[in-house]
Amino acid sequence: MADKNSTITLSNLEAEGLSSALADLLARYSGRGIATSLQVDLDERLPIRAESLLYRTAQEALRNVANHAAAHHVDIRVERRGGAVVMEVRDDGRGFDPSAVRAAGAAGHVGLQGVMDLVSESGGTVEVRSGVGKGTAVIVEVPA
């Protein structure tokens, strides 16, 4: 689940919880000169499957911010909406054409597309909103 630079494993996520895991993940990016903010509005822990999907999506979205966005700020917000949990990862970077995600997946670059597939298989959705020069928002909704 974790990339080679990550100290979070599934067992750490399970022990520490989503909020702590996301804070640790964001700390690595603030060390790269990207201002970060995190808001987690959850009253209780989520099932580990939901937390894992949210964490993996944030991990991939942040990897893309660091590698492609030239962003100065990234914000993660997590909240419960009815029977689901919604997480938004927003950056103020250069943005891109969202159809490029599908094209990259078809070309074998499976990062975000792979996460989108995992979320979909679990009954959730991922939406990527972006435009050249307008930053990017990755919005994931998972059943809770």
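- Rounded to the nearest 0.5 Å, atoms CG (Asp91) and CG (Asn64) are 9.5 Å apart.
- In this structure, Leu54 is a member of the same hydrophobic cluster as Val40, with clusters built from ILVMFWY side-chain heavy atoms closer than 4.5 Å.
- Put simply, the side chain of Thr57 gets close to the backbone of Leu53: a donor and an acceptor are under 3.5 Å apart.
- Closest of all the heavy-atom pairs between Ala61 and Val89 is CB-CG1, 3.9 Å.
- Separating the CZ atom in Arg94 from the OG1 atom in Thr136 is a distance of 10.5 Å, to the nearest 0.5 Å.
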Evaluation steps, side chain to side chain contact (heavy atoms under 4.5 Å, CB included), between Gln59 and Leu25: CA-CA 7 Å; Gln59 186 178 42; Leu25 184 61; 4.1 Å; yes
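- No donor-acceptor distance shorter than 3.5 angstrom exists from the side chain of Ser130 to the backbone of Asp97, with no hydrogens or angles considered.
- Of all non-hydrogen atoms in Leu38 and Ala23, the two that sit nearest each other are CD2-N, 3.7 Å.
- Taking a cutoff of 4.0 Å between a charged side-chain nitrogen and a carboxylate oxygen, Arg81 and Glu88 qualify as a salt bridge.
- Between Ile76 and Leu62, some side-chain heavy-atom pair lies under the 4.5 Å cut-off.
- In this structure, Leu118 CG and Arg49 CZ are separated by 6.0 Å, a value rounded to the nearest 0.5 Å.
- When all heavy atoms of Met87 and Ala58 are compared, the closest pair comes out as CE-N, 3.7 Å.
- The structure places NE2 of His73 at 10.5 Å from CD1 of Ile34, a figure rounded to the nearest 0.5 Å.
- In this structure, His72 and Asp92 approach most closely via the heavy-atom pair N-OD1, 2.8 Å.
- By the rule that hydrophobic residues join a cluster once side-chain heavy atoms approach within less than 4.5 Å of another member, Val86 and Met116 end up as members of separate clusters.
- Contact between Tyr55 and Leu13 at its shortest, heavy atoms only, is CB-CD2, 4.1 Å.
- Within the model, atoms CZ of Arg56 and CG of Leu112 stand 12.5 Å from one another, a figure rounded to the nearest 0.5 Å.
- Leu26 and Leu42 fall within the same hydrophobic cluster, where Ile, Leu, Val, Met, Phe, Trp and Tyr residues are linked whenever their side-chain heavy atoms come under 4.5 Å apart, directly or through other members.
- Annotation: salt bridge (charged side-chain N to carboxylate O under 4.0 Å, His left out) contacts of Arg45 (sequence neighbours excluded): Glu51.
- Shown here are the salt bridge (charged side-chain N to carboxylate O under 4.0 Å, His left out) partners of Arg129, two or more places apart in sequence or in another chain: Glu127.
- No donor-acceptor pair under 3.5 Å is formed between the side chain of Asp41 and the backbone N or O of Glu79.
- Residue Asp75 holds its CG atom at 7.5 Å from CD of Gln39, rounded to the nearest 0.5 Å.
- Among residues two or more places apart in sequence or in another chain, the side-chain hydrogen bond (donor to acceptor under 3.5 Å, both in side chains) test is passed with Thr125 by none.
- Hydrophobic clustering (ILVMFWY, side-chain heavy atoms < 4.5 Å, transitive): Leu18 and Ile48 are in one cluster.
- Across all their heavy atoms, Ala50 and Val142 have their closest contact at CB-CG2, 4.0 Å.
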